[in-house]
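Counting starts at 1 for both ligands and their atoms, following the listed order. We use all heavy atoms of the structure for the numbers below, so side chains are in, but hydrogens, waters and symmetry mates are not.
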Amino acid sequence: MSTSTSPVQVHRHGTVAVITIDHPPVNALSQAVRQGLLAAVRKLDADSSVTALVITGVEGRFIAGADIREMNQPPGEPLLPDVVAAIDACTKPLIAAIGGPALGAGLEIALACDARLGGPAAQLGLTEIRLGLIPGAGGTQRLPRLVGVARAVSLIGEGRVLKAPEAHDLGLLDEVVTGDLLVAALERAPHVAKRRVSELPVPRGDAAAEALAFSRARKAAKSVPAIEAAIRVISAAHEGDFASGLAQERAAFLALRGSSEARALRHLFFAEREAGKVPGMAEAVARHVAMVAVIGAGTMGAGIAVALADAGLPVMLVERDDTAASAGLSRVRDLYERQVKSGRISEADVAERLGRILPTSDWSCLAAADLIVEAAFEDMAVKADIFRRLDAVAKSGAVLATNTSYLDLDAIAAATCRPQDVVGLHFFAPAHVMKLLEVVRGRATAPEVIATALTLARRAGKQPVVAGNCDGFIGNRIYAAYRRHAEYLVEDGAAPDAVDAALEAYGFAMGIFTVSDMSGLDIAFAMRKRRAATRDSRERYVAIPDRLCELQRLGRKTNAGWYAYDAAGRKSVDPLVTQLIAAARAEKGIVPRTFTALEIQNRLLAVMANEGAKALAEGVALRASDIDVVFVNGYGFPRTKGGPMWAADQMGLPRVLAEMKAAQEAGGSGSEPAPLLVELARTGRSFADWH
Ligand code: NAD
């Protein structure tokens with residue numbers, strides 16, 4: 001039981017036995033932990049010299065959840081329900097002493113105990129839904145017995161994590177202990193009586209609150225199917241006895257565990273952790289960043305300043321002149337005011353964060369910055385000029401970053417005498433909300449500069465992905481191919497709203513034409529004009545968006561784009577656009593054909609994966625899963641589909657290749673199947689196992 005190699009140790013304090021879990025880094029409930037825990041509980045229950053048991057974790061930990069790696073393997077004995085059942089059956093009082101995260105399976109263990117004490121850093125939540133699962137060891141049956149059905153539905157449905165005081169208010173924690181948690185648990189132990197949660201009645205709740213919780217959860221279940229199962233199984237707690245509820249829960253859990261959604265979410269769980277790791281960079285030490293600056297306080301600059309100030313950093317927000325600087329500050333205030341209105345932060349938070357942002361037009365203050373992010377106009381001449389000036393003023397060793405979306409990072413770096421310090425930090429709009437941060441590595445970028453960017457990303461709560469330098473890096477490069485092919489579909493016969501509907505049915509929050517209208521059609525128009533001279537004449541060109549722009553239909557901001565918008569912002573199909581599309585088809589002699597939603601989905605998925613394969617082969621993306629992380633965190637790709645490369649693997653690469661050949665016929669030059677896709681399809685391999 002308590003051999004020195006076991007992650008579960010038992011120590012006696014008089015008649016009380018303390019079971020301590022020490023399984024770094026987070027005390028996941030791996031097989032060895034389950035074995036140790038089960039053996040300890042059984043042995044101590046049978047030991048007549050023991051009167052009570054305490055379960056806890058070392059160093060402020062408890063149990064952060066199941067071991068997700070084990071979920072892709074055949075289950076190893078003992079299963080979690082067996083461990084929980086042994087705790088529930090124990091004849092002596094058990095106390096969970098929770099110093100840190102008790103999440104998922106960890107909370108299920110705690111719920112099977114007779115009492116729960118929490119330290120100030122305790123976090124409690126049944127978070128399985130984030131992995132496309134429901135609790136599988138009694139969580140859905142015990143939680144409603146403690147907090148009622150309505151609360152259980154919303155807590156499990158949202159996978160919400162409660163801090164200690166809230167968990168105490170809801171009755172999940174019996175007490176929050178500010179002093180030494182173990183000392184408190186040992187003091188309470190002789191007085192704790194058996195109180196099995198499984199034997200408590202489910203409290204009769206307020207019918208209106210229940211109806212509301214159920215309807216909210218049902219809405220969310222549209223994108224996360226596991227929520228539907230959670231609702232069904234929690235309702236069972238209401239209706240039947242504990243044992244039958246438990247059986248229903250287990251059956252639903254097992255069905256979900258092997259589902260495509262849960263597998264996709266597990267893939268992303270690991271992909272997101274892997275994305276910040278760059279091979280060969282283990283030695284690189286991040287530079288110290290205490291003061292940052294943002295150049296340009298427009299849409300992006302203001303959002304970036306907020307993101308960095310929210311991370312606790314002092315930010316100098318540098319503009320061309322004082323008027324522009326104060327306009328920038330108003331933009332920042334606006335962003336904060338919206339967050340106050342939505343209840344996300346308080347006025348006091350705003351005052352504190354605003355206090356860290358200094359708007360200025362004085363470039364000399366840039367000498368104090370450890371890291372500078374340029375977010376001025378997307379124009380090489382403007383950026384080169386800024387980097388030349390930065391080179392003269394920035395301190396030695398300062399990281400010089402650009403938020404460019406498409407421009408050549410090496411050309412920007414060449415404007416300085418220190419290209420090793422230049423890196424891309426590609427934030428997504430709105431920069432203070434979107435999680436994705438592409439860290440773009442130039443030819444000369446030093447490893448410590450990448451390490452600094454990755455550290456900054458984590459500090460700001462962003463999901464970093466390292467990308468190589470190319471037109472559009474990972475995200476915008478693939479997005480451009482995707483958009484081009486969406487336009488081919490339209491010119492060939494699909495209506496824009498049919499394309500959008502197909503994408504939304506696939507799980508995207510918004511279809512691509514709705515997104516284009518939201519971001520504004522003029523940006524891409526300007527880019528197309530800039531590139532007109534160098535465009536491959538054999539590549540098919542759809543002029544419909546140019547026509548829309550020429551008619552000043554720039555999207556939502558002009559109340560017209562691919563769609564029409566009324567005064568309340570509601571969109572509708574505009575007959576004028578339908579006519580314009582028909583005219584464009586007629587001009588090229590295209591006889592429109594129909595596309596089913598599935599054809600649209602498969603075509604666009606194949607195009608994304610194909611461009612992804614090119615980015616992979618060029619080393620622009622380090623791994624296929626990095627592309628998935630980019631698309632689910634920056635482009636609204638549905639998480640439950642795992643990202644475009646994962647989804648392509650699931651579809652089968654020979655099918656993706658066949659689809660890509662059809663796409664090539666539609667697109668011509670520039671739409672060739674990627675050699676890597678051809679190779680993998682031929683050899684029966686997948687993107688996931690390509691390195
Ligand atoms: P914007 O036009 O809203 O803002 C640019 C700001 O830079 C303006 O306030 C301008 O006064 C300022 N500026 C211009 N030249 C300057 C100079 N020499 N010194 C100081 N300030 C200067 O543009 P934006 O949409 O915020 O885009 C900024 C950058 O971010 C571009 O490179 C763009 O490609 C990139 N980007 C934009 C988005 C987006 O969705 N808008 C997303 C990702 C990246």
### Query
What part of I523 sits under 4.0 Å from ligand 1 if we count only heavy atoms: the side chain, the backbone, both or neither?
neither
### Within reach of ligand 1, part of I295 (heavy-atom separation under 4.0 Å)
side chain
### Task
May I ask you to say whether K435 pairs ionically with E272, meaning some side-chain N is under 4.0 Å from a carboxylate O?
no
### Query
Which is closest to atom 5 (C) of ligand 1 by heavy-atom distance: A325, A375, G328, A302?
A375
### Query
With respect to atom 1 (P) of ligand 1, which of G298, G296, A297 exhibits the smallest heavy-atom separation?
G298
In the protein, what heavy atom is nearest to [atom], and what distance, to one decimal place, separates them?
atom: atom 44 (C) of ligand 1; result: S405 OG, 3.1 Å
atom: atom 30 (O) of ligand 1; result: N403 ND2, 2.9 Å
atom: atom 39 (C) of ligand 1; result: M300 SD, 3.7 Å
atom: atom 23 (O) of ligand 1; result: T299 N, 4.7 Å
atom: atom 40 (O) of ligand 1; result: A429 CB, 3.4 Å
atom: atom 29 (C) of ligand 1; result: A376 O, 3.2 Å

Please indicate whether any nitrogen or oxygen in [X] is less than 3.5 Å from any nitrogen or oxygen in ligand 1.
X: F427; value: no
X: E374; value: no
X: R320; value: yes
X: H426; value: no
X: E319; value: yes
X: W363; value: no

### Query
At a 4.0 Å threshold, what atoms of ligand 1 neighbour a non-hydrogen atom of I386?
17 (C), 18 (N)
### Task
Taking only heavy atoms of T404 into account, list the atoms of ligand 1 that are under 4.0 Å away from them.
32 (O)
Shortest non-hydrogen separation from [X] to [Y] and the atoms involved:
X: R458; Y: G276; value: NH2-O, 3.6 Å
X: A584; Y: I544; value: CB-CG1, 3.7 Å
X: V439; Y: A453; value: CG1-CB, 3.7 Å

### Task
May I ask you to decide if the ring planes of W646 and H267 are parallel, tilted or perpendicular, using 30° and 60° as cut-offs?
parallel
### Task
Show your reasoning for whether side chain to side chain donor-acceptor pair (under 3.5 Å) applies to K571 and T514.
CA-CA 9 Å; K571 71 171 185 197; T514 307; 2.9 Å; yes
Within 45° of the axis and under 6.0 Å from the centre of the six-membered ring of [Y], does NZ or CZ of [X] qualify?
X: R603; Y: Y488; result: no
X: R273; Y: F269; result: yes
X: K383; Y: F387; result: no

### Message
In the complex you have, is atom 19 (N) of ligand 1 within reach of the protein, judged by whether a heavy-atom distance drops under 4.0 Å?
### Response
yes
### Query
So do D500 and M510 actually touch side chain to side chain, heavy atoms under 4.5 Å?
no
### Task
With side chain to side chain contact (heavy atoms under 4.5 Å, CB included) as the test, would you mind laying out the steps for I512 and R483 before giving the verdict?
CA-CA 7 Å; I512 190 162; R483 182 167 58 198; 3.8 Å; yes
### Task
Take Y635 and F508 through the ring-ring contact (aromatic ring centres under 6.0 Å, His included) test and state the conclusion after the steps.
CA-CA 9 Å; Y635 295 84; F508 276 92; 9.5 Å; no
